[in-house]
2 protein chains.
Amino acid sequence: MLNAICLPLGMSRQDVVKMDELLKERFRLPKGGTLYRQGDAAEAVFGLRSGSIKTQIEDANGQVQITGFLLPGEVLGLDGLMNERQVSHAIALEDSEVCIIRLDEMDQLAPQLPSLQRQLRRLMSKEISRSHQLLLALGSLRSEQRLAAFLLNLSQRLQILGYSPYEFILRMSREEIGNFLGLTLETVSRLFSRFAREGLIRVQQREVHILDMSGLQTLSGTDCS
Amino acid sequence: MLNAICLPLGMSRQDVVKMDELLKERFRLPKGGTLYRQGDAAEAVFGLRSGSIKTQIEDANGQVQITGFLLPGEVLGLDGLMNERQVSHAIALEDSEVCIIRLDEMDQLAPQLPSLQRQLRRLMSKEISRSHQLLLALGSLRSEQRLAAFLLNLSQRLQILGYSPYEFILRMSREEIGNFLGLTLETVSRLFSRFAREGLIRVQQREVHILDMSGLQTLSGTDCS
DNA sequence: CGTTTGCTTGACCTACCTCAACTAGCGTGG
DNA sequence: CCACGCTAGTTGAGGTAGGTCAAGCAAACG
């Protein structure tokens, strides 16, 4: 049941049993703790079981870009499989728990578990298209649209996890949101205030209430799909 | 020899022979032709053998974002493996030739060819970190840095293919470059003129000569790595 | 050889950034 | 428990990078 959180999709009963082998290894990560750093050896991917984690890359000048905020059930470390080196940092936004999926173990199980390979492929593909979506946002949406889309995305993912899509706690700071969306913290703050003033949301510190979901969708340009 | 272009890295001799099976299917694509469209069934990935291709996504409002310019030896369609549906368009920038790698065929070969799976994994991982890099560019670089980085990246990839890194023909319009980098065509044009004025490059229409590689590197912020 | 398409350049504008001051929580130690 | 300091967030004023609009030009194309 809980295993489903790690690599959830389309597996037979006995496959899941075999999977158990892979997922036996767990790891607790305190708030602010680093799961891995850019340059580390990458011999595993990680399934987030609880908590939340940000991933970020850093260029030669120390310029940082957050590439994702991960929620339980999501998988990280997929970008490190190219050269078995991590190319990003993964930092816990709150106390978190991950399971470790070692690649060599996975490859040993592969012949008996073709669905596992396909599953990993699907996850990687999803991450590719997710970051392409993000490119669209950074490349061509205006600030208000970016933040609206960000909130809606978060809301949706929390709903999938069984939480209310209408009220939630942001695990990240304004600065982190801004960095992620290619904006400054001031702009993010102003937008929160403005959205609240316009009755779209209610916000108090990191607690967000979505009052007008379809209003946000209209704003983000996501609704007419 | 030419097969190496399709899935090049780290394979034994006999593995390559088996690979041949997979790659027998070729396809010619005229300039402007569409290899696949968003929504198409995705049962294969494609290796670009010659020419160049752009990939782009389109949102509900028709907003387009180019996510990549592909050169020979590079693989596309990796973002469609999530739901066996293409999530992007692939359009030829010039007459091109692709080889087709069907996923079901690949999965059949998988038991005999574990390296193939690993190779695909590496390619997908590379695409993930490439788009994360791109996020960094769109999120936090200034226009001049983006264009400089773009030119350097192109130059590098062409050099790997055996072409001169100092002079090449852009296969894409100013508008396409602008869209890719999150800028307008006017800004791109102005930057080309400015780079030329400053002696960094010589540019005449789509023909680019890089005169001061390290100058470009300094500008892009890539040099001090 | 005219038409179309892509590129350049200029003038102006605005969305977002920068800088700065102020405020609210929140943890810590006296 | 309060006072203090610290960090995160808010808000304002003003500046600027890059967008928009518009005109002109050069290649490419039928």
Side-chain angles (χ1 to χ4, degrees), chain A residues 30-32 54 63-66 69 91 93-95 137-151 169-198 201-209 219-221, chain B residues 30-32 54 63-66 69 91 93-95 137-151 169-198 201-209 219-221:
Chain A
K31 176 172 178 172
K54 67 170 171 175
Q63 185 66 257
V64 167
Q65 173 71 41
I66 294 175
F69 296 114
I91 298 161
L93 295 174
E94 59 184 319
D95 291 357
L138 295 202
S140 46
L141 301 188
R142 267 169 314 105
S143 59
E144 51 187 31
Q145 300 182 292
R146 292 184 211 181
L147 188 63
F150 171 76
L151 290 173
I169 308 277
L170 298 171
R171 253 57 238 215
M172 67 296 285
S173 69
R174 302 287 189 266
E175 182 167 22
E176 287 167 326
I177 296 172
N179 179 293
F180 180 63
L181 298 176
L183 305 168
T184 57
L185 73 166
E186 292 96 329
T187 300
V188 173
S189 179
R190 272 185 253 270
L191 285 170
F192 272 122
S193 304
R194 202 184 102 200
F195 286 0
R197 208 179 317 125
E198 291 170 348
I201 63 175
R202 208 152 55 76
V203 56
Q204 185 176 11
Q205 293 296 116
R206 299 194 174 183
E207 193 180 332
V208 174
H209 290 246
L219 193 60
S220 79
Chain B
K31 177 173 177 171
K54 67 170 171 175
Q63 186 66 258
V64 166
Q65 173 71 40
I66 294 174
F69 296 114
I91 298 161
L93 296 172
E94 60 185 318
D95 290 358
L138 295 203
S140 46
L141 302 188
R142 267 169 316 105
S143 58
E144 52 188 29
Q145 300 181 292
R146 292 184 210 182
L147 188 63
F150 171 76
L151 290 173
I169 307 278
L170 297 171
R171 251 61 235 215
M172 67 296 286
S173 69
R174 301 288 189 265
E175 182 167 22
E176 286 168 326
I177 296 172
N179 180 293
F180 181 62
L181 298 175
L183 305 169
T184 58
L185 73 165
E186 291 96 330
T187 300
V188 172
S189 179
R190 273 184 253 270
L191 285 169
F192 271 122
S193 302
R194 202 184 101 200
F195 286 0
R197 209 179 315 125
E198 291 169 349
I201 63 175
R202 208 151 56 76
V203 56
Q204 185 176 11
Q205 293 295 116
R206 299 193 176 182
E207 193 180 332
V208 174
H209 291 245
L219 192 62
S220 79

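Just the heavy atoms: all of them, side chains too, but no hydrogens, waters or symmetry mates, feed the values below. Quick note on labels: first sequence line is chain A, next is B, and so on, each numbered from 1.
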Value rounded to 0.5 Å, distance of CG in B/Leu170 from CZ in B/Phe150: 6.0 Å
Distance in angstrom units between B/Leu185 CG and D/dG18 P, rounded: 15 Å
Contact under 4.0 Å: A/Arg174 side-chain N or O vs D/dT10 OP1/OP2: yes
Short side-chain N/O contact from B/Ser189 to OP1 or OP2 of C/dT9, under 4.0 Å: no
Point-to-point distance, once rounded to the nearest 0.5 Å, from OG of A/Ser193 to CD1 of A/Ile201: 8.5 Å
Touch class at under 4.0 angstrom, heavy-atom based, for B/Gly178 against every strand present: nothing
Donor-acceptor pair, side chain of A/Asp95 and main chain of A/Lys31, under 3.5 angstrom: yes
Per-nucleotide protein contact string for nucleotides 25-30 of chain D (B base, S sugar-phosphate only, - none; heavy atom under 4.0 Å): ------
Distance-minimising heavy-atom pair for A/Ala149 and A/Ser220: N-CB, 3.8 Å
Between D/dT10 (C1') and A/Ile201 (CD1): distance, integer Å: 14 Å
side-chain contact (heavy atoms from CB on, under 4.5 Å) assessment of A/Gln65 paired with A/Asn179: CA-CA 6 Å; A/Gln65 173 71 41; A/Asn179 179 293; 3.9 Å; yes
Any A/Thr187 side-chain N or O less than 4.0 Å from OP1/OP2 of C/dC17: yes
Rounded distance (Å) that lies between atom C1' of D/dG9 and atom CD of A/Glu207: 15 Å
Non-neighbouring partners of B/Gln145 that pass side-chain contact (heavy atoms from CB on, under 4.5 Å), sequence neighbours left out: B/Leu141, B/Arg142
Distance test, side-chain N/O of A/Arg206 to OP1/OP2 of D/dG9, below 4.0 Å: yes
side-chain N/O B/Thr184 vs D/dG19 OP1/OP2, d < 4.0 Å: yes
Enclosure of A/Arg206 CZ (heavy-atom neighbours >12, cutoff 6.0 Å): yes
d(CG, B/Leu170; C1', C/dC7) in whole Å: 13 Å
Closest approach of B/Gly178 to B/Val188 (non-hydrogen atoms, all atoms of both residues): CA-CG2, 3.5 Å
Rounded distance (Å) that lies between atom P of D/dG9 and atom CG of A/Leu183: 15 Å
Option among B/Ile177, B/Leu181, B/Leu151, B/Leu191 that satisfies the side-chain contact (heavy atoms from CB on, under 4.5 Å) test with B/Arg146: B/Leu181
All N/O pairs under 3.5 Å across the protein-nucleotides 19-21 of chain C interface:
| from | atom 1 | to | atom 2 | distance (Å) |
| --- | --- | --- | --- | --- |
| C/dC19 | N4 | A/Glu186 | OE2 | 3.1 |

Chi angles and distances behind the side-chain contact (heavy atoms from CB on, under 4.5 Å) call for B/Phe195, B/Leu147: CA-CA 10 Å; B/Phe195 286 0; B/Leu147 188 63; 3.8 Å; yes
Distance (rounded to the nearest 0.5 Å) between B/Phe180 CZ and B/Leu138 CG: 8.0 Å
Least distance between heavy atoms, B/Ala196 atom then B/Val203 atom: CB-CG1, 4.1 Å
Distance, rounded to the nearest Å, where B/Phe195 contributes CZ and C/dT8 contributes C1': 16 Å
Pairs satisfying salt bridge (charged side-chain N to carboxylate O under 4.0 Å, His left out), at least one member in residues 169-183 of chain B, at least two apart: B/Lys54-B/Glu176, B/Glu94-B/Arg171
All stems with DNA chain D, defined as three or more consecutive Watson-Crick or G-U pairs under 3.5 Å: C:1-30 with D:1-30
Stretch residues 137-149 of chain B: residues that reach within less than 4.0 Å of DNA chain C through a heavy atom: none
Interatomic distance where CD belongs to A/Glu175 and P belongs to D/dT10 [whole Å]: 13 Å
Atom-pair distance (CZ on A/Arg197; C1' on D/dT11), nearest Å: 10 Å
Contact summary for B/Leu219 and B/Ala148, nearest pair of heavy atoms: CD2-CB, 4.2 Å
